[in-house]
Peer 1: 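The structure that follows is given in the form of structure tokens.
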Amino acid sequence: MKRTLIAELPGLISERVRLRGWVNALRDQKRVQFIVLRDETGLAQVVLAKGDPPSELNERLSALTVESAVTIVGTVAADERVNLGGLELKLEELEVDSLAEPEVPIAADSALDKRIDWRYLDLRRPDRKLIFEVQTTAEQAMREFWRKEQFIEIHTPKLMGSASESGAELFKAEYFDRTAYLAQSPQFYKQMAMAAGFGKVFEVGPVFRANPSFTSRHDTEFTSVDVEISWVDSHEDVMSFEERWLAHVLTTVKEAHGEQIAQSFDTALVVPELPFPRITLEDAKELLREAGHDAPPAGHDLDPPSERALSAIVSERHGNEFAFVTDYPTSVRPFYHMRYEDRPTVTKSFDLLWRGIELTTGAQREHRYDKLLAQADEKKVDVGPIQYYLDFFRFGAPPHGGFGFGLTRLLMQMLGQENVREVTFLYRGPHRLEP
RNA sequence: GGGGGCGUAGCUCAGUUGGUUAGAGCGCUGCCCUGUCACGGCAGAGGUCGCGGGUUCGAGUCCCGUCGCUCCCGCCA
């Protein structure tokens with residue numbers, strides 16, 4: 001007998017159906033027994049009258065435990081007494097596929113860390129599963145947009161012989177008789193795709209950061225969304241792609257899940273107006289000071305409190321939750337970011353903030369071999385291990401730019417969550433390698 | 001790496017100025033309840049108070065150390 005999903009029950013009154021799912025709740029009374037069954041599409045009540053003495057079926061239902069996996073056959077009946085959709089299943093057959101132990105180790109209000117210990121139980125809650133439905137829709141919308149604009153998907157290696165950028169610390173791995181490093185970014189390889197003439201590329205994949213960061217928005221392994229575009233005139237071309245792309249993603253997610261998100265997470269997903277406000281770093285600091293906030297001195301990046309304050313100000317003045325901050329000084333940017341011809345200490349770079357959190361860092365890249373070498377030298381980058389990268393620019397490289405984008409941070413903001421761990425299937429942090 | 005907070009029952013927490021057998025709600029076990037739907041009622045089990053040391057007649061409570069969790073900063077997406 002074919003499996004019926006709970007969501008299909010309203011159209012099947014008086015039919016005999018087979019449901020498979022988990023015991024969400026049990027109410028075992030003197031004369032009547034109820035199971036609230038949960039599958040991936042919803043909840044349904046199952047009812048069985050209790051005989052005197054109880055039938056063998058009654059006894060087996062009494063022995064059930066919450067969260068057991070069961071298969072149930074019964075007849076669908078409309079009954080206005082039932083709060084759950086006004087219908088129920090009259091139980092005829094009960095098969096226990098897997099009996100759950102009587103005490104589930106976590107509850108809905110358990111601490112996040114404890115819930116991660118038992119993540120598969122935590123994820124059984126429909127609200128938690130919604131996170132991954134939204135993620136799936138978001139990624140699909142991204143790909144839709146990329147393909148419409150002739151982007152090519154690449155999969156770059158995660159095992160590397162040297163660092164891909166300075167800054168973030170690297171995990172080491174044994175690699176036969178030498179040391180390999182886990183990729184902290186596909187940066188160099190997506191630039192290789194530019195030198196290869198791929199035009200426009202994207203990658204969605206894992207990156208690894210060995211920073212001992214103990215905050216609600218960092219993890220040591222996360223999914224990075226990377227984009228690189230050839231033949232740009234400046235970083236403005238990259239920003240204008242990113243905002244159109246993001247607006248499409250948010251529109252798609254809102255259409256598909258907006259109501260559920262509002263219901264489950266009490267968050268309204270707002271599709272942003274285009275273009276997103278752009279503000280240079282120095283103007284941003286000026287704006288912050290005018291508004292009575294502290295701002296870091298020249299030559300320094302915004303700190304997290306400044307980013308939150310800036311987002312609030314921009315949101316109030318421009319009605320946009322997104323903001324590009326541009327023109328970072330060379331002191332806080334890697335050597336490969338392109339600089340203005342007339343202002344050699346300022347890079348053609350940007351960050352994208354959404355409601356105070358950094359979603360993206362992007363830039364036009366330096367594609368001229370001699371300038372790239374000079375900038376590496378100035379930044380005291382040891383070019384020995386990355387000569388393969390510098391070589392990309394020796395035989396004709398197009399002007400190009402791109403960005404890296406934190407998928408979990410996007411998801412966190414879309415769902416109004418305060419911690420990336422909440423929206424990561426399995427979080428990895430300095431003290432977390434299991435499950 | 002620096003700073004703050006927290007660690008008491010399976011889960012979420014309370015525990016006065018240090019004082020005798022350490023509590024609650026939920027969950028669990030048993031019994032009762034003709035339709036429940038956060039079902040209800042009665043009874044019960046369950047704790048070396050994170051760990052180690054110290055102060056004290058006496059420590060869940062005070063001190064030191066240690067481990068774990070958490071948030072902020074740094075680093076970044």
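Each chain gets a letter, A, B and so on, in the order the sequences are listed, and its residues count up from 1.
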Peer 1: Could you check whether the side chain of A:Ser213 and the base of B:rC76 have a donor-acceptor pair of N or O atoms closer than 3.5 Å, going by distance alone?
Peer 2: no

Peer 1: State whether A:Arg115 places a side-chain N or O below 4.0 Å from either non-bridging phosphate oxygen (OP1 or OP2) of B:rU12.
Peer 2: no

Peer 1: Can we say A:Glu40 and A:Arg3 salt-bridge, meaning some charged N sits less than 4.0 Å from an Asp/Glu carboxylate O?
Peer 2: yes

Peer 1: Just how far, in rounded Å, is P of B:rG1 from CZ of A:Arg209?
Peer 2: 19 Å

Peer 1: Can you tell me the pairing partner of B:rA43 across any strand shown, Watson-Crick or G-U wobble, with both distances under 3.5 angstrom?
Peer 2: B:rU29

Peer 1: Between B:rU36 and A:Gln45, counting only base atoms on the nucleotide and side-chain atoms on the residue, is there a donor-acceptor pair under 3.5 Å?
Peer 2: yes

Peer 1: Taking atom P in both B:rU55 and B:rC11, what distance in whole Å separates the two?
Peer 2: 34 Å

Peer 1: Measuring only the C1' atom in each nucleotide, how far is B:rC49 from B:rA43? A whole number of Å is fine.
Peer 2: 27 Å

Peer 1: Would you say the side chain of A:His431 and the base of B:rC69 hold a donor-acceptor pair, judged only by whether the two atoms sit under 3.5 Å apart?
Peer 2: no

Peer 1: For B:rC71, does either OP1 or OP2 sit under 4.0 Å from a side-chain N or O belonging to A:Arg421?
Peer 2: yes

Peer 1: In whole angstrom, give the distance that lies between atom CD of A:Gln413 and atom C1' of B:rA77.
Peer 2: 12 Å

Peer 1: Take nucleotides 23-34 of chain B nucleotide by nucleotide from the 5' end and write B, S or -, depending on whether a protein heavy atom sits under 4.0 Å from the base, only from the sugar-phosphate, or from neither.
Peer 2: ----BSS---BB

Peer 1: Which nucleotide, if any, forms a Watson-Crick or G-U wobble pair with B:rC13, using both distances under 3.5 Å?
Peer 2: B:rG23

Peer 1: How many angstroms lie between atom CZ of A:Phe265 and atom CE of A:Met414, to the nearest 0.5 angstrom?
Peer 2: 10.5 Å

Peer 1: When both hydrogen-bonding distances must be under 3.5 Å and the geometry is Watson-Crick or G-U wobble, what is B:rC6 paired with, if anything?
Peer 2: B:rG68

Peer 1: When the distance from CG of A:Leu121 to P of B:rC11 is rounded to whole Å, what number comes out?
Peer 2: 13 Å

Peer 1: Could you check how far CD1 of A:Ile116 sits from P of B:rC11, rounded to whole Å?
Peer 2: 16 Å

Peer 1: On the six-membered ring of A:Phe34, is A:Arg27 placed so that its NZ or CZ lies under 6.0 angstrom from the centre and within 45° of the ring axis?
Peer 2: no

Peer 1: Any N or O donor-acceptor pair under 3.5 Å from the base of B:rG1 to the side chain of A:Glu169?
Peer 2: no

Peer 1: Nearest whole angstrom, please: distance from the C1' of B:rC72 to the CZ of A:Phe214.
Peer 2: 13 Å

Peer 1: Indicate yes or no: at least one non-hydrogen side-chain atom of A:Arg115 is less than 4.5 angstrom from one of A:Glu422.
Peer 2: yes

Peer 1: Can you check the distance between B:rG52 and B:rA9, where both ends of the measurement are the P atom (answer in whole Å)?
Peer 2: 16 Å

Peer 1: Which whole number of Å gives the distance between the C1' atom of B:rC51 and that of B:rU8?
Peer 2: 14 Å

Peer 1: Determine the Euclidean distance between corresponding P atoms of B:rG54 and B:rG60; express it in Å to zero decimal places.
Peer 2: 15 Å

Peer 1: Tell me whether the side-chain N/O atoms of A:Ser216 come closer than 4.0 Å to OP1 or OP2 in B:rC71.
Peer 2: no

Peer 1: Could you tell me how far apart A:Ile357 (CD1) and B:rC71 (C1') are, to the nearest whole angstrom?
Peer 2: 14 Å

Peer 1: Between A:Asn419 and B:rC71, is there a contact of a side-chain N or O with OP1 or OP2 at under 4.0 Å?
Peer 2: yes

Peer 1: For the C1' atoms, the ones on B:rU17 and on B:rU61, what distance do you get once it is rounded to whole angstrom?
Peer 2: 11 Å

Peer 1: Centroid separation under 6.0 Å, is that true for the rings of A:Trp245 and A:Phe202?
Peer 2: no

Peer 1: Taking N and O atoms by type only, does the side chain of A:Arg409 place a donor or acceptor under 3.5 Å from a partner on the base of B:rC76?
Peer 2: yes

Peer 1: Taking NZ from A:Lys114 and P from B:rG68, how many angstroms apart are they, rounded to a whole number?
Peer 2: 16 Å

Peer 1: Can A:Phe222 be classed as stacking with the base of B:rA77, given a centroid separation cut-off of 5.5 Å and a plane angle cut-off of 30°?
Peer 2: yes

Peer 1: What residues, two or more places apart in sequence or in another chain, satisfy ring-ring contact (aromatic ring centres under 6.0 Å, His included) together with A:His318?
Peer 2: none

Peer 1: Using a strict 4.0 Å threshold on nitrogen-to-oxygen distance, state whether A:Asp219 and A:Arg209 make a salt bridge.
Peer 2: no

Peer 1: Salt bridge between A:Asp294 and A:Arg289, side-chain N to carboxylate O under 4.0 Å?
Peer 2: no

Peer 1: Does B:rC75 have a Watson-Crick or wobble partner in any strand here, with both distances under 3.5 angstrom, and which is it?
Peer 2: none

Peer 1: Using a strict threshold of under 4.0 Å (side-chain N to carboxylate O), is an ion pair present between A:Glu149 and A:Arg244?
Peer 2: yes

Peer 1: Send over the distance from A:Trp354 CH2 to B:rC76 P, rounded to a whole Å.
Peer 2: 23 Å

